[in-house]
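Quick note: numbers below take in every heavy atom, side chains included, and nothing from hydrogens, waters or symmetry partners. Sequence lines set the chain letters: A, B, ... in the order given, protein chains first and strands last, and positions in each chain run from 1.
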2 protein chains.
Amino acid sequence: MGTSTTVTGPGNDPADGYVHGYSGREARRLGDQADALADLLHDGTSHPPGSRVLEVGCGVGAQTVHLLARSPGAHLTAVDVSSASLDQARARVAASRPGARVRWRRGDLHDLPFPDDAFDHLFVCFVLEHLPDPRAALAGLRRVLRPGGTVTVIEGDHGSAFFHPDSAHARAVIAHLVALQAAAGGDALVGRRLAPLLSGAGYERVEVGPRTVYADGSRPALARAFTRDTFTAMVEAVRDEAVAAGLATPADWDRGIADLNRTAAPDGTFHYTFFKGTAVNPGP
Amino acid sequence: MGTSTTVTGPGNDPADGYVHGYSGREARRLGDQADALADLLHDGTSHPPGSRVLEVGCGVGAQTVHLLARSPGAHLTAVDVSSASLDQARARVAASRPGARVRWRRGDLHDLPFPDDAFDHLFVCFVLEHLPDPRAALAGLRRVLRPGGTVTVIEGDHGSAFFHPDSAHARAVIAHLVALQAAAGGDALVGRRLAPLLSGAGYERVEVGPRTVYADGSRPALARAFTRDTFTAMVEAVRDEAVAAGLATPADWDRGIADLNRTAAPDGTFHYTFFKGTAVNPGP
């Protein structure tokens, strides 16, 4: 559920980073998104005091603050490929969880700077969508997870978005975002693959379930926070890229965005499904 | 979640009925579907002893048996436009709920054979999808619902179906089913419209929520019961109609069905969302 072009996998230069850069506005968007979704996504994820938890690909810390809130006694390490993101994540945690201690590390998830079996739990949220080979990445992560340790993975799936009023223009701008993410080596439809990816990576006791956002006129705050300020804002952010790629004319693009925002009106509805999975590392 | 061409609305001859007729096989399919989904769909729907409940469009009784199981003391009336369906519904209830008493009535939901305010609760499941004007139908139903009485509405939305492995052929056969249902005056995407339809029909305290079916390799029984024997079977049933309409070649159709069934394999996944809504009749 990040943007379309964050790719931290092999064959891509991490320095490319987010197409939107690391602006304050983008950081706020990710923060607002996480706040609106925190209960939905983090429910059920809590680790006991003293447990060693690694957040893989923490980005600007949008999820880190929620991990800390739900596992206050855990020993949290957060790793990201981007120093700039880590700086923002550190600042975010300092601001919202002043007493929290997090060990911050810069590193590529395909070559993590930790010894074998270093963690009891891994948390991987909105990361696989950006990787060319998410199965290999998940398999590689098992090295730093002790046998019997667990992994939690959360991903969206843009193919789960449907809405009223329906609109071919709105569907098109979402499809363009999916295409841009695919061109960058990612997969904005990865949520539906979570279970086979975890199984294929050698994890056991794989349990995946949908976490659905549904907003209608009886939930105006959710329609504003999710439909407009999270989902549509995320699509809108790649306007220039989509137009430059010839995927849409500016007029068609703007029509699609307007139609998406229209679904947040009192007589509109919007549906989106995240997938959350947990699994156990059987060991080597 | 019925088939594509049941239309009981005005301007359509009820005698047209289901395109698949009222064969034993079709009745069993609808029954199996209801059994697999009963908990998901009926959870939260229970009426106190003595309350007057009307099931609108009971069809072959697939939901009637579950209504009876959850509201054993309610006074249930079931109405359908088809005498043949009512006969099957009566037989189904007699077989599975021998002691249950149901008042069966033949009638068009747009002109119900009941006095004003005759019921405390209405139950409308997989009916709106077949109607040319579901808002008008819901508004008309308020006449037989006492002021302060409640309505429960359940509908699917075929646009909520996505799966792994993804397949353009599979998406196409679903789109053909949607097109056939639209050509027959219905809307296989009605689920997303449930909230505005209820509000627009004059109901108050409208509450709609998604009821999601998600099957993967960890749920082989659900994948079989829902992905294969309910959803894919429903699509497959309109093969001849879709081919005759020129929507698909037989080969493309069969490929689409095979690809849908493929998603029920151990490394496949399937997602579908029903919508269930409740609302209160404020009175005239």
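In this structure, A:Ala195 and B:Tyr214 approach most closely via the heavy-atom pair CB-OH, 3.7 Å. A pairwise comparison of heavy atoms in B:Asp157 and A:Phe162 identifies OD2-CE1, 3.8 Å as the closest pair.
For B:Arg228, the CZ atom is loosely surrounded, since the number of other residues' heavy atoms within 6.0 Å does not exceed 12. B:Arg205 CZ: 12 or fewer foreign heavy atoms inside a 6.0 Å radius.
Proximity to chain B among residues 255-262 of chain A is not found for any residue, judged by heavy-atom separations below 4.5 angstrom.
Residues A:Ser160 and B:His271 have side chains that never bring a donor and an acceptor to within less than 3.5 angstrom of each other.
The shortest distance between side-chain heavy atoms of A:His164 and B:Pro196 falls below 4.5 Å.
A:Ala245 meets the side-chain contact (heavy atoms from CB on, under 4.5 Å) test with A:Leu180, A:Leu247; sequence neighbours excluded. Residues that satisfy the side-chain hydrogen bond (donor to acceptor under 3.5 Å, both in side chains) test with B:His169, not counting sequence neighbours, are absent from this structure. A:Ser199 pairs by the side-chain contact (heavy atoms from CB on, under 4.5 Å) definition with A:Val206, not counting sequence neighbours.
Atom CD of A:Glu207 is separated from atom CG of B:Asp216 by 9.5 Å, given to the nearest 0.5 angstrom.
Of the atoms belonging to B:Arg219, it is side-chain heavy atoms, and not backbone ones, that fall under 4.5 Å from chain A. Interface residue A:Phe163: only backbone heavy atoms are found under 4.5 Å from chain B. Contacts of A:Leu197 with chain B are absent, with no heavy-atom separation under 4.5 Å from either backbone or side chain.
A salt bridge is absent between A:Asp166 and B:Arg193; no separation between the charged side-chain nitrogens and carboxylate oxygens falls under 4.0 Å.
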